[in-house]
Amino acid sequence: MNAWVNRKEEESYLGQLEQLVVQRLQNSSSETDPPARRARRREQVRLNKLSIEMNEELNRLELLIAEEQKQSL
C-alpha cells in the first residue's frame with residue numbers, strides 16, 4: 001500500500017513537471033523575436049536552465065526510487 005501511494009505521488013509530481021515544461025515552451029514560443037543572434041543566445045540560456053532543473057529533478061527522483069527499493073528489500 002505504501003509503495004502504491006509513493007508511486008502515485010511520483011506520477012503526480014512528474015505530471016506537474018511535464019506541465020511546467022509545456023508552459024515554459026509555450027511562453028517562449030509566444031514571445032516576439034528579437035534579432036537572430038540575441039534570440040539564439042537567450043534560447044540557449046533558457047534551455048540550459050531548464051535542462052539543469054530537469055536533471056536535478058531526475059536525480060532527486062532516482063534517489064527516491066533507489067531508497068524506496070532498498071526499503072522494500
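All values below come from the heavy atoms of this structure, side chains included, with hydrogens, waters and symmetry mates left out. Owing to the predicted nature of the structure, the values given are computational and were not obtained by experimental measurement.
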For this session: Sequence neighbours left out, what passes salt bridge (Lys or Arg N to Asp or Glu O under 4.0 Å) with E9? Give chain and number order.
Result: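 E9 satisfies salt bridge (Lys or Arg N to Asp or Glu O under 4.0 Å) with no other residue.
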For this session: Calculate, to the nearest 0.5 Å, the distance between atoms CG and CE belonging to L50 and M54 respectively.
Result: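 Nearest 0.5 Å value for the CG-CE distance: 5.5 Å.
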Exercise. Once you round to the nearest 0.5 Å, how far does CD1 of I52 lie from CG of N55?
Worked result: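 If I round to the nearest 0.5 Å, the distance is 8.0 Å.
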For this session: Give a yes or no on whether E18 atom CD has more than 12 heavy-atom contacts from other residues, nucleotides or ligands under 6.0 Å away.
Result: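 Result for CD/E18: open.
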Exercise. Are Y13 and L64 connected in a single hydrophobic cluster, I mean Ile/Leu/Val/Met/Phe/Trp/Tyr linked by side-chain heavy atoms less than 4.5 Å apart?
Worked result: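 Same hydrophobic cluster.
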Exercise. Taking only residues at least two apart or on different chains, which pairs with a member in residues 58-69 satisfy side chain to side chain donor-acceptor pair (under 3.5 Å)?
Worked result: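 Residue pairs passing side chain to side chain donor-acceptor pair (under 3.5 Å), neighbours aside: N6-E68, E57-R60.
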